[in-house]
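Bear in mind that the values here come from a model prediction, so they are computed numbers and not experimental data.
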Amino acid sequence: MTGEHAERFTALRPLLFTIAYEILGSAIESDDVLQESYLRWAEVDLSTVQDTKAYLAQIVTRQSLNVLRAQSRRREDYIGPWLPEPLLVESGDASADVVLAESVSMAMLVVLETLSPDERAVFVLREVFGFSHDEIASTIGKSPAAVRQMAHRAREHVQSRRKRFEPVDPKRSMEITSRFFAAASTGDLDGLLEMLTEDVQWTADSDGKVSAARRPVVGADKVARVIIGLVRVAGESGRVEPAVYNNAPALKLYLGDSFEGIITVEITDGKISHFYAMRNPDKLTGVDIPREISR
């Protein structure tokens, strides 16, 4: 590979990683996709490349779609809810860019899971990265007219499930989250209920490998009781540490010396509306690696 190949790829790496992660919901698999894409890029005659960004985005999208399609059987056999891998974003990368911050939020990634692989790629490339219908058409092997239809369908689908996104001040978010878990540690049920939306949801991903709710828990009272129980267990032999994952407040959970998972929190109108608990040990192996994202 020439120095120019490496230079061009490295300059666009944060954007390419972000495309792969939003299509796959897995940081570790996105790294593998980028490695494979890099090898393919090495064989390209640069004199034939008119637009490096579009060319590399095309390679990465195709590789990501191959991986996503190969996974569909595994996802069907998955035990309990499937959540994306938590993403530790390098500080300052996305907080100022509302579209980018929303695009890697747990809530958005969970909605993207409900699209077909092609629809997901079209939505990400069009809505987040602003690629043209023609560019996307050549990437996924469909006509521009088909891509337009797909983009419209995907956008409507996402909007119906993700009606609005409110950027929340990170300090304020962490303050609410810390206050909530402080109340949980004292078993203050009434204090907790004041900080939760009525339809708050607790979703845990374990694939049956550790103890976790196999179905989402819905409703303020039920969710508050789940968390009081969890914090009580942690309080006996463990601890929680504040963190930020997917541009949202989060807590790292430890029992004894064992790292047990990450809980990210979604806040709506100043109250907690969703907890996403990642307990599957297979999805926790890369959570301490900071990633640079961009669009």
Pairs meeting criterion salt bridge (Lys or Arg N to Asp or Glu O under 4.0 Å) with involvement of residues 57-70, two or more places apart: Arg69-Asp118

NZ/NE/NH1/NH2 to OD/OE distance under 4.0 Å, [X] and [Y]:
| X | Y | result |
| --- | --- | --- |
| Lys271 | Asp269 | no |
| Arg291 | Asp31 | yes |
| Glu113 | Arg120 | yes |
| Arg155 | Glu127 | yes |
| Arg295 | Asp97 | yes |

Name every donor-acceptor pair, under 3.5 Å, that has one atom in a side chain of residues 174-183 and the other anywhere in the protein, sequence neighbours excluded.
unit_1 : atom_1 : unit_2 : atom_2 : d
Glu175 : OE2    : Arg172 : NH1    : 3.3
Thr177 : OG1    : Ser173 : O      : 2.8
Ser178 : OG     : Met174 : O      : 2.8

Cation-pi check, Lys53 onto Phe131 ring (under 6.0 Å, within 45° of axis): yes

Minimum-distance pair of heavy atoms, taken over all atoms of Ser64 and Leu24: O-CD2, 3.4 Å

Just checking, any donor-acceptor pair under 3.5 angstrom between side chains of [X] and [Y]?
| X | Y | answer |
| --- | --- | --- |
| His157 | Arg153 | no |
| Thr197 | Ser273 | no |
| Asp134 | Ser132 | no |
| Ser26 | Glu85 | yes |
| Glu29 | Gln71 | yes |
| Asn280 | Tyr78 | yes |

Tyr38 and Phe9 aromatic ring geometry - parallel, tilted or perpendicular at 30°/60° bounds: perpendicular

